[in-house]
Amino acid sequence: MKLCHAMFFIALYSGIAISGNAGGESTDKNGEKYSPKILAETPPMGWSSWNYYGDRINEKIIIDTIDNMVSSGLRDAGYIYVNIDDGWQKYKGSRADHPLVFDEKKFPRGIKYLADYAHAKGMKLGIYSGPGNTTCAGYTGSQGNEKADAKMFASWGVDHLKYDSCCSHQQASQKVLKQVFGDMSQALQASGRPVVFHACHCGWQNIWQWGNSVGANQWRIGQDISDDFNYPGNREGYYFDVLDMIDRGVGLEQYSGKGHWNDYDMLIIGLHGHSKELVGTGASDTEYRTHFSMWSILSSPLLIGASLDNLTKEDLDTLKNKEIIALNQDALGLQAKRYVSNGDLQIFAKPLADGSWAVALLNRSGQTAHMTLNFHQDLDLPWTKVMVRDLWQHKDLGTFGDSYQAEVQSHEAKMLVIRSGW
Ligand code: GLA
């Protein structure tokens with residue numbers, strides 16, 4: 001590629017210089033220059049136990065999930081993290097009164113056994129804790145034991161830590177939050193093991209503004225998602241539906257990038273209203289596809305929240321759409337911006353590493369709509385002719401002059417890649 005071409009667009013796109021966090025050069029012991037690998041260089045992809053299983057997890061569920069990720073092709077599509085969320089700990093109650101140990105009734109062979117199992121299958125294992133005395137579900141947290149806990153996670157071979165402060169530190173100031181997340185981030189670094197660090201604070205205290213500075217690789221931009229595309233209002237004052245979450249991320253593009261991602265929360269595809277932890281009655285296949293398309297173009301981590309046993313063929317086809325996943329894992333690592341907001345008809349777009357652009361034509365309304373993408377007026381592209389490809393039809397649609405028009409179903413997002421057609 002025309003890298004300079006891409007750089008030009010990024011500069012135009014972001015209005016800022018490319019982040020120094022994108023990987024500076026270091027010198028190794030032989031004096032050779034190299035770029036150290038950034039942790040979570042692209043948004044983490046995988047699975048998380050909470051939204052379907054809650055704390056009713058055990059060794060068998062994790063092993064079956066790892067096996068299922070392999071046999072279903074999800075691992076090969078990029079979903080490599082299997083993240084154990086809250087509920088692996090033996091004790092409920094304050095850390096001051098209990099040690100942090102795994103529950104041997106649920107995990108008879110321990111967490112290291114599972115990490116080894118995941119690694120043998122080409123996958124990675126995640127674990128969960130929090131900076132409080134207790135976690136969100138009331139289990140012992142890491143307060144006061146950050147160094148020892150980080151060392152223990154590293155000795156188990158853990159690759160990802162979700163560190164959740166939203167229940168213990170709901171009212172905490174930014175100063176306190178920076179301290180508690182910073183402490184665990186440093187403890188992980190001191191452990192010597194590369195562990196992706198998810199600073200989970202439900203999108204409070206503008207965590208996107210300072211998450212990167214305390215070493216977080218991802219942070220939630222909102223409270224828990226609901227298994228619903230568009231439920232009226234912000235249900236129960238806590239749960240966000242898909243559209244709430246998309247709205248929440250508008251304007252936060254500049255905070256997301258290689259190694260530090262705005263996290264729109266776990267995917268709801270495949271829950272079909274059966275989550276015992278989330279509210280919501282499920283979404284249609286079109287809505288799940290739109291949700292997946294938007295999370296991808298917005299460069300959110302892609303963590304499946306459903307039981308893999310319950311995925312339909314349509315769910316799997318959605319989750320394994322390589323052309324959509326490519327937008328998420330693109331080497332430029334940009335979060336799409338909203339360029340057009342015409343009521344319920346909205347256009348999101350971002351440049352890609354090969355000089356093309358990804359575009360989402362999102363129809364949030366209850367009716368089919370005709371949507372027009374004006375290449376020059378909407379995106380300020382310099383191309384005189386534009387080639388358009390549809391990523392759900394897997395089809396090149398031809399070459400267009402000033403604009404491209406499409407019929408977009410209710411709650412559908414038409415996903416396009418456009419490039420110069422000369
Ligand atoms: C919070 C988080 C969830 C989950 C639970 C576990 O609610 O937002 O994603 O981790 O805690 O208790």
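Counting starts at 1 for both ligands and their atoms, in listed order. For the numbers below, each heavy atom of this structure counts, side chains included, while hydrogens, waters and symmetry mates do not.
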J.: When the aromatic ring centroids of His260 and Tyr255 are compared, is their separation below 6.0 Å?
T.: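 Ring centres of Tyr255 and His260 not closer than 6.0 Å.
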
J.: What do the steps show when you test Asp183 against Lys147 for salt bridge (Lys or Arg N to Asp or Glu O under 4.0 Å), and what is the final call?
T.: CA-CA 8 Å; Asp183 284 350; Lys147 284 198 181 108; over 6 Å; no

J.: Where on Gln223 is there a heavy atom closer than 4.0 Å to ligand 1, on the side chain, on the backbone, on both, or on neither?
T.: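 None of Gln223 does.
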
J.: Assess whether atom CD of Gln393 is packed by more than 12 heavy atoms of other residues, nucleotides or ligands within 6.0 Å.
T.: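 Enclosed: over 12 neighbouring heavy atoms sit under 6.0 Å from CD of Gln393.
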
J.: Could you find the nearest protein heavy atom to atom 7 (O) of ligand 1 and give me its residue, atom name and distance?
T.: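 Looking at atom 7 (O) of ligand 1, the protein heavy atom closest to it is Asp224 OD2, 3.3 Å.
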
J.: Quiz question: by atom type and distance under 3.5 Å, do the side chains of Gln209 and Asn212 form a donor-acceptor pair?
T.: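 Not at all, the side chains of Gln209 and Asn212 share no donor-acceptor pair under 3.5 Å.
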
J.: Between ligand 1 and Asn51, is the shortest N or O to N or O distance under 3.5 Å?
T.: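 Checking ligand 1 against Asn51, no N or O pair falls under 3.5 Å apart.
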
J.: Using a 4.0 Å cutoff against the non-hydrogen atoms of Asp85, which atoms of ligand 1 qualify?
T.: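 Close to Asp85: 4 (C), 6 (C), 10 (O).
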
J.: Looking only at distance, does Trp50 have an N or O less than 3.5 Å from an N or O of ligand 1?
T.: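 N/O-N/O distance below 3.5 Å does not exist for this pair.
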
J.: Just going by heavy-atom distances, which of Asp86, Thr135, Ile225, Asn83 is nearest to atom 12 (O) of ligand 1?
T.: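 It is Asp86 whose heavy atom sits nearest to atom 12 (O) of ligand 1.
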
J.: Within a distance under 4.0 Å of any heavy atom of Ala137, pick out the atoms of ligand 1 and give their elements.
T.: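 Per the distance check, 12 (O).
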
J.: Tell me if the centroids of the rings in Trp261 and Trp295 come within less than 6.0 Å of each other.
T.: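 So the answer is no for these two rings.
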
J.: Does any N or O atom in Asp164 lie less than 3.5 angstrom from one in ligand 1, N or O only?
T.: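 Yes; at least one N/O pair falls below 3.5 Å.
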
J.: Within the 4.0 Å heavy-atom shell around Lys162, which atoms of ligand 1 are there?
T.: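 Selected atoms, number and element: 3 (C), 4 (C), 9 (O), 10 (O).
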
J.: Looking at Cys202 and Cys166, are the sulfur gammas closer than 2.5 Å to each other?
T.: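 Answer is no: Cys202 does not pair with Cys166 in a disulfide.
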
J.: With under 30° as parallel and over 60° as perpendicular, where do the rings of His201 and Trp204 fit, or are they tilted in between?
T.: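 Judged by the thresholds at 30° and 60°, the geometry between His201 and Trp204 is perpendicular.
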
